[in-house]
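Within every chain, numbering begins at 1; the chains are lettered A, B, ... in the order of the sequence lines, protein sequences first and strands thereafter.
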Amino acid sequence: MTKYGMVIDLHKCVGCSGCSIACKNENNVDTGMFWAHYFHETKGSFPNVNYKYVPTLCNHCEDAACVRVCPTQAMYKDENGLTLHDPDKCIGCKSCMQACPYGVINFNKNKPHRRWEETAAAIKGGTATSKELQERTGQELPYYNADRAFTYEGIRSKGIVEKCTFCDHRIKDNLRPYCVESCPADARTFGDLDDPSSDINKVLAQYSSQVLKPEKGTKPRVFYVRG
Amino acid sequence: MYLIDKEVKEMDFHAYWDYRVALDLFLGGVGIGVFLLAAYFSLVFKEKSFKVTRLGFIIAPVLVGLGVFALLTELGKPFRMLSTFINVNPTSVTSWGGFLQTIFILLSFVIFLVVWKYKQNAYQMSLFKGLVIAGSVFALAVGIYHGLLLMSLGVAGWANGLIPVMFLVSSILSGSSVLMVVEAVFMRSIIGRGKEVYSETAASSDAQVFTYSKLLVSLVGIQALLILTWRISLNSAGTEAIIAYQNLISHFGVYWWILVVAIGLVIPLTIAGYSTLKKIKMNFYTAMIFTAVVLIGSYAFKHIILYSGQIPLAGL
C-alpha cells in the first residue's frame with residue numbers, strides 16, 4: 001500500500017522560497033495565501049546565534065485533526081495516505097483551520113484572484129494593468145494552470161478552505177510534487193514511505209528526522225532532517 | 001524543535017471564528033437554559049406553570065434558532081448547511097451539533113404547539129411528558145455540545161474538560177434568569193402587585209414553592225467554583241495551557257475581570273446570595289438587574305474564551 005511522505009533537508013534548504021512560488025503557479029494559489037510556506041526563528045544571543053528557516057506545507061498527517069473535525073467529510077484521507085479536500089462538500093466552517101496544529105489551511109474569504117480585475121498599473125505608463133492583460137489574453141485568469149483541475153478545483157471558490165494536496169494531480173502521473181521538482185537546492189525528497197527502497201526512506205535512514213509538533217499526536221508525514 | 005516564529009504568528013493572527021460563533025454559543029445557551037427550567041416547571045408544577053412554561057417553550061427554540069442563524073452567517077457556504085445531515089462525520093463534534101440543535105428546535109417547537117393546542121390539559125398528557133423529557137435530554141446535549149465543540153478541536157485554550165461544564169452552567173444560569181424576567185414582565189398579575197414579588201414563581205403550589213434566588217445563587221456559586229477550578233487546573237495542564245491563559249489575560253484581562261468575574265459572578269452572587277440569606281424576595285428591578293448582569297457575564301465569558309483560544313501561542 002502506498003503511503004506518501006516528504007523529507008525536507010534543512011541543511012540543503014537555502015530559504016529562497018522558490019517552493020512557495022512554484023506551488024502558487026502549479027496550484028493557482030491566490031494572493032495572500034500559501035499552500036507551501038515557511039517560518040523562521042532566531043535563537044541565542046550574539047555571537048552564538050542560530051537562525052533557522054523551515055519550509056512548511058500540509059503534513060498529510062496519518063491521524064489528521066482536520067479530517068477528524070470536518071463536519072461534512074470534506075477533508076478526507078485517500079488510499080495513498082494523502083489528506084485531501086472535497087470542495088463540493090466544504091461548508092466553510094473553518095473547523096479544520098482551528099484544529100490543524102500547523103496553520104497550513106487557507107480560507108477563501110473573498111472571491112479568489114480578484115487582482116486580475118485591478119485597473120491600476122504596477123508602473124504607471126510602463127506596464128499594462130491586470131484588467132488589460134485579462135482583456136488582451138481573453139482569459140479571466142491570464143496565468144492559470146489547467147492541470148490542477150484534473151483532481152481538484154482549478155480555482156477554489158469563495159467561502160471554502162484549500163490546502164496542499166502534495167500535487168496529487170502530478171503524482172498520479174508519476175511526477176513529483178512541484179515544490180520538490182522546482183527546489184533549486186534539491187532539499188526535498190518525496191516518495192512512498194511503505195517502499196523500503198524509495199529515496200525518501202534512504203534519506204530517513206541516513207539522517208535522524210523530526211516532525212513538527214510531534215506532541216500533537218497527528219503523525220505528520222513531512223519530515224525534517226539536518227535541522 | 002521550535003516551530004513557530006513568534007513575530008510571524010503575532011502578525012498573522014486573526015480569529016477564524018468571530019462574534020457570530022460567540023452569539024450562537026450565547027443565544028443557544030440561553031435558549032436551552034430557558035427550556036430546561038420551563039421543562040422542570042412543567043413536570044413538577046404541571047398546569048399551574050402554564051403561562052410561564054408556554055412562553056419558555058417558544059422562547060427556547062427561537063433563541064437557539066437565532067444562534068444557529070448567526071452561526072450560518074459565519075459559514076463560507078451557508079446554503080450547503082444541509083450537507084452536514086448527509087455527509088455525516090461521526091468523529092466531528094460539529095457534525096453532531098447540526099443534529100442536536102435541529103432536533104432540539106423541532107422538539108421544543110412541537111412541545112409549544114402541544115401546549116398551545118391543549119392548553120392546561122397538555123400537562124396531564126403522557127405524550128407531553130415524553131416530549132418534555134426528550135426535549136430536556138436534547139437541551140442538555142446542546143448545552144454540553146457548545147463547550148465540547150471547542151474542546152474537541154485540540155486548541156490549547158479550549159482543550160480542558162471543564163470548558164463544556166462551564167459553558168453548560170453558564171447557559172442554564174442565563175436561561176433561568178431570562179425565564180425569571182420573562183415571567184415578571186409578561187405576567188401582569190405579578191407586575192400588577194406593585195413591582196413587588198416575584199421570586200416565587202407562579203408555578204408555586206401548596207406543596208412546593210420554587211424560589212428563583214436559591215436556584216440562581218446555586219448556579220452562580222457553581223459557575224464561580226468551576227472557573228476557579230479551571231484556573232487552578234491550568235497550572236498543571238502544561239506549557240500550552242499556561243500560555244493560552246496568559247493570552248487571555250493579556251488580550252482580554254480587563255474585560256475578563258470586569259465583565260466575567262465582577263459583573264457576571266460577584267454582583268449576581270451578591271444579589272441572589274443576599275436574597276437567599278435574608279430570605280427576602282427580589283423585587284422586579286433587582287431581578288432585571290440580576291438578569292442583565294448575568295447575561296453580560298455569560299456572553300463575555302463565551303466571547304472571551306472563544307477569541308482568546310484563537311490567539312497563537314507565542315514561542316511554541
Side-chain angles (χ1 to χ4, degrees), chain A residues 10 34 37-43 50-54 56 63-76 86-103 105 107-110 156-161 209-218 224 227, chain B residues 1-9 11-18 21 24 71-99 149-159 238-240 306 309-310 312-316:
Chain A
L10 295 177
F34 293 90
H37 207 8
Y38 69 92
F39 67 84
H40 59 81
E41 64 177 11
T42 308
K43 287 201 294 189
N50 177 276
Y51 175 80
K52 189 183 285 180
Y53 177 99
V54 183
T56 57
D63 292 331
C66 57
V67 174
R68 177 172 50 83
V69 303
C70 177
T72 59
Q73 299 189 53
M75 287 285 183
Y76 65 98
D86 183 343
D88 294 328
K89 287 184 179 173
C90 182
I91 60 171
C93 68
K94 293 168 276 185
S95 295
C96 52
M97 297 174 75
Q98 298 282 12
C100 175
Y102 311 105
I105 304 175
F107 181 65
N108 284 284
K109 191 176 181 181
N110 301 306
R156 281 64 57 189
S157 65
K158 177 184 174 182
I160 64 170
V161 299
S209 61
Q210 293 175 303
V211 294
L212 299 183
K213 300 190 178 181
E215 73 279 6
K216 293 292 180 185
T218 54
Y224 296 87
Chain B
M1 178 189 264
Y2 285 99
L3 303 173
I4 299 194
D5 183 86
K6 180 179 178 180
E7 191 180 347
V8 170
K9 288 196 74 166
M11 274 165 45
D12 286 348
F13 168 65
H14 67 277
Y16 297 141
W17 285 348
D18 62 20
V21 176
D24 176 43
L71 182 69
L72 285 178
T73 65
E74 211 273 337
L75 293 180
K77 296 281 186 191
F79 296 111
R80 288 186 187 171
M81 185 59 196
L82 283 178
S83 71
T84 55
F85 299 112
I86 301 163
N87 305 306
V88 181
N89 182 1
T91 63
S92 165
V93 175
T94 318
S95 191
W96 307 353
F99 288 97
L149 165 71
L150 300 185
M151 198 195 87
S152 69
L153 295 169
V155 174
W158 301 334
T239 313
E240 285 195 345
L306 178 78
Q310 297 178 76
L313 306 180
L316 287 179

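With B/Glu74 contributing its side chain and A/Cys93 its backbone, the two residues share no donor-acceptor pair below 3.5 Å.
With a 4.5 Å cut-off on non-hydrogen atoms, A/Lys158 touches chain B through its backbone but not through its side chain. Proximity to chain A (any heavy atom under 4.5 Å) is shown, for B/Trp17, by both the backbone and the side chain.
Interatomic distance, CG of B/Leu149 versus CD of A/Gln98, reported as 9.0 Å (0.5 Å rounding).
Taking all atoms of both residues into account, the shortest heavy-atom contact from A/Lys94 to B/Tyr16 is NZ-O, 3.0 Å. A pairwise comparison of heavy atoms in B/Asn89 and A/Arg68 identifies ND2-O, 3.3 Å as the closest pair. Across A/Pro71 and B/Ser95, no two heavy atoms sit closer than the pair O-OG, 3.3 Å. Taking every heavy atom of both residues into account, A/Cys70 and B/Ser92 meet most closely at O-CB, 3.4 Å. Taking every heavy atom of both residues into account, B/Gly76 and A/Phe107 meet most closely at CA-CZ, 3.9 Å.
Using a 4.5 Å heavy-atom threshold, the side chains of B/Gln310 and A/Met97 count as separate.
Shown here are the side-chain contact (heavy atoms from CB on, under 4.5 Å) partners of A/Cys96, two or more places apart in sequence or in another chain: A/Cys66, A/Met75, A/Ile105, A/Val161. For B/Ser83, the side-chain contact (heavy atoms from CB on, under 4.5 Å) partners at least two apart in sequence or on another chain are A/Thr72, A/Ile91, B/Arg80, B/Asn87.
Within a 6.0 Å radius of CZ in B/Phe79, other residues, nucleotides and ligands contribute 12 heavy atoms or fewer.
Among the candidates B/Val155, B/Leu71, B/Leu150, B/Leu75, the residue making the largest number of heavy-atom pairs closer than 4.5 Å to chain A is B/Leu75.
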